[in-house]
Amino acid sequence: MTAFTVALVLVVSAAGLLRWRRPAWYWLTFGVVLAALRVAFRYASVMDACGLTVPPSRWRLALARVANRPVPESRAPRILRLRPTRTGLVLRLKLRPGQDAFDVSAATDRLRHSFGMYGVTSRELRSGVVELRMTGYDVLQRVQMPANVDRAPMRIPVALREDGAIHYRDYRTVPHGLTLGATESGKSVYQRNLVAGLAAQDVALVGIDCKQGVELFPLARRFSALADNPDTALELLEALVTHMQDVYQLIRAQQRISVNVPDAEIAADIWDLPADMRPVSVVVLVDEVAELALFATKDEEKRRDRIITALVRLAQLGRASGIYLEICGQRFGSELGKGITMLRAQLTGRTAHRVNDEASANMAFGDIAPDAVLAAIQIPTETPGIAVTGDSSGGWARIRAPHTSLRQAVNICNRHADRTPDLPALAAFRPAVAPLPSARLPLSKTAPATA
């Protein structure tokens, strides 16, 4: 009995230590079993307390009355599947007649307390089927990306969602994006994760960094074009517009419109072209958009108008030609001048780190997900990297990108420097970098040759 007591104390102590120091390990060893048992035993009572049950149908009441049996109890949604994950549980429910997915969504906070989970989110899979994703610990406190992720062209994993799922930046689904964040909010780390993910793909990276290039120029080996001041940025953007028009001419020439060709084979963008003729995709990263929109003189105002016009044209027309925008800034509001709200309307993907005012959050989410505005302004200062992301569908979620230092991002870009494509239209803006030093070291020292 003494040995059993000692073993029990050791197990409980180990579980407590893991829960404090390594919550992910605790979940995989102890938490997932305890949580599954809680859900199994408390499910009926919790659903009844949360108002997620329906009264028995008339035919069941009539059958109980005829058989002289007790009145049937109210029925909860039927569990279709209970699946454990590395961060929590996934519960798939079949709703009863008369129930709605909104009822489950409104009760997620009560379900979180009742089942003893860290967080609960719900989404409707199809008519009558709802999926509850329950997390067992704060997955955003220490972000650990899974080893196996779903990679595809122009689709990269950049962050972890609060429900434990991976947040992907899919440029073919959401061509253009806006990323906001105050100083020390984690916006630069998010941008490094984007560059590091794109560096391993066959894509041309174009950067505009008006902070004299301190953010993007260390990554220059993987960039096909870079600009570090508004004057160069204007020339680069207008060159991109010219490149976009040339790509459209290529698509027009290769559309293969004929009465003998099926409609499915007619090309309308670069992805419909044969692989050997398809132009390389271009991702344009603007590090601080406000520097492109501010002006102090008449000449700077004319330059500003041309820059914003070029950005708007790329946002409106660039998707089919394979040009995608990633606009970043600390502040993005209508006070930046005409054309800013038109540019924002074309930026489908929205990501907001901690912002200093509600107006910035409203500029990011006010027109697509008003509920996300409150979540964005409530991000605490002591948790850099946490952000709120949303799109035009109205859905939003909290995310956090894994910490990637500038040195790590530079090493990744150097490793994939051979993937950097040469675009003739942007050749004048190709950064000049020294060749990489050889990693091969001499095995022995040799004496210098003598005359």
Side-chain angles (χ1 to χ4, degrees), residues 15 18-19 23-57 72-141 143-146 148-150 157 159-168 371-372 375 388-390 393-400:
L18 285 177
R19 188 171 187 178
W25 295 2
Y26 166 79
W27 174 256
L28 294 175
T29 53
F30 300 99
V32 63
V33 177
L34 297 176
L37 291 175
R38 279 198 305 267
V39 172
F41 284 101
R42 297 181 185 177
Y43 179 76
S45 60
V46 167
M47 290 295 169
D48 187 40
C50 293
L52 296 178
T53 58
V54 295
S57 59
E73 297 181 352
S74 299
R75 294 187 298 170
R78 182 162 56 93
I79 298 178
L80 297 179
R81 185 172 66 177
L82 177 62
R83 178 172 59 90
T85 66
R86 58 186 293 270
T87 58
L89 296 174
V90 177
L91 194 64
R92 186 168 294 183
L93 306 178
K94 174 65 175 178
L95 300 182
R96 301 291 182 179
Q99 291 183 322
D100 186 76
F102 178 78
D103 300 333
V104 182
S105 177
T108 52
D109 199 52
R110 287 175 286 174
L111 294 174
R112 175 174 68 91
H113 290 291
S114 302
F115 290 136
M117 305 298 288
Y118 182 82
V120 177
T121 59
S122 72
R123 66 188 183 102
E124 184 179 2
L125 298 181
R126 58 181 184 272
S127 179
V129 178
V130 174
E131 183 179 81
L132 290 178
R133 298 188 67 93
M134 299 183 281
T135 52
Y137 59 96
D138 186 4
V139 298
L140 300 184
Q141 183 178 7
V143 177
Q144 294 179 337
M145 298 291 285
N148 297 324
V149 295
D150 182 18
L160 199 65
R161 290 176 177 258
E162 61 179 345
D163 59 359
I166 302 175
H167 175 65
Y168 292 92
D371 294 341
V388 177
T389 183
S393 65
W396 61 275
R398 291 182 181 87
I399 63 171
R400 191 175 194 181

Is it true that atom OH of Tyr137 has more than 12 heavy atoms of other residues, nucleotides or ligands lying nearer than 6.0 Å? yes
I need the minimum non-hydrogen distance between Arg112 and Tyr118, along with the two atoms involved. CD-O, 2.9 Å
How long is the gap from CG on Asp48 to CZ on Arg75, to the nearest 0.5 Å? 14.0 Å
One should read off an interatomic distance between Leu95 CG and Leu52 CG, to the nearest 0.5 angstrom, of 9.0 Å
Given side chains that start at C-beta, do those of Arg38 and Met117 come closer than 4.5 Å, heavy atoms only? yes
Please round to the nearest 0.5 Å and tell me the distance separating atom CG of Leu80 and atom CD of Glu131. 10.5 Å
If you take all heavy atoms of Ile166 and Pro157, which pair is closest and at what distance? CG2-CB, 3.6 Å
Heavy-atom side-chain contact between Cys50 and Leu111 under 4.5 Å: yes
Short question: side chain of Thr135, backbone of Gly164 - any donor-acceptor pair under 3.5 Å? no
What closest approach, in Å, do Ala397 and Arg161 show between heavy atoms, and which atom pair accounts for it? CB-NH1, 3.1 Å
Nearest heavy-atom contact between Arg110 and Ala106 is NH2-O, 4.0 Å
Considering all heavy atoms, the nearest Ser127-Lys94 contact: O-NZ, 4.2 Å
Can you check whether Leu160's main-chain N or O pairs, donor with acceptor, with Arg400's side chain at less than 3.5 Å? no
Given side chains that start at C-beta, do those of Met134 and Val120 come closer than 4.5 Å, heavy atoms only? yes
Heavy-atom donor-acceptor pair, Glu162 side chain to Leu140 backbone, under 3.5 Å: no
If every non-hydrogen atom of Met47 is compared with every non-hydrogen atom of Ala76, which pair is closest and at what distance? CB-CB, 3.7 Å
Taking the side chain from Tyr168 and the backbone from Asp150, do they hold a donor-acceptor pair closer than 3.5 Å? yes
Only residue of Leu132, Ile79, Leu125, Val130 satisfying side chain to side chain contact (heavy atoms under 4.5 Å, CB included) with Arg92 is Leu125
Within a strict 4.5 Å, meaning less than it, do heavy atoms of the Val32 and Leu89 side chains meet? yes
For the atom pair CZ (Phe102) and OG (Ser122), what is the distance rounded to the nearest 0.5 Å? 10.0 Å
Contact check, side chains of Leu93 and Gln99, non-hydrogen atoms, under 4.5 Å: no
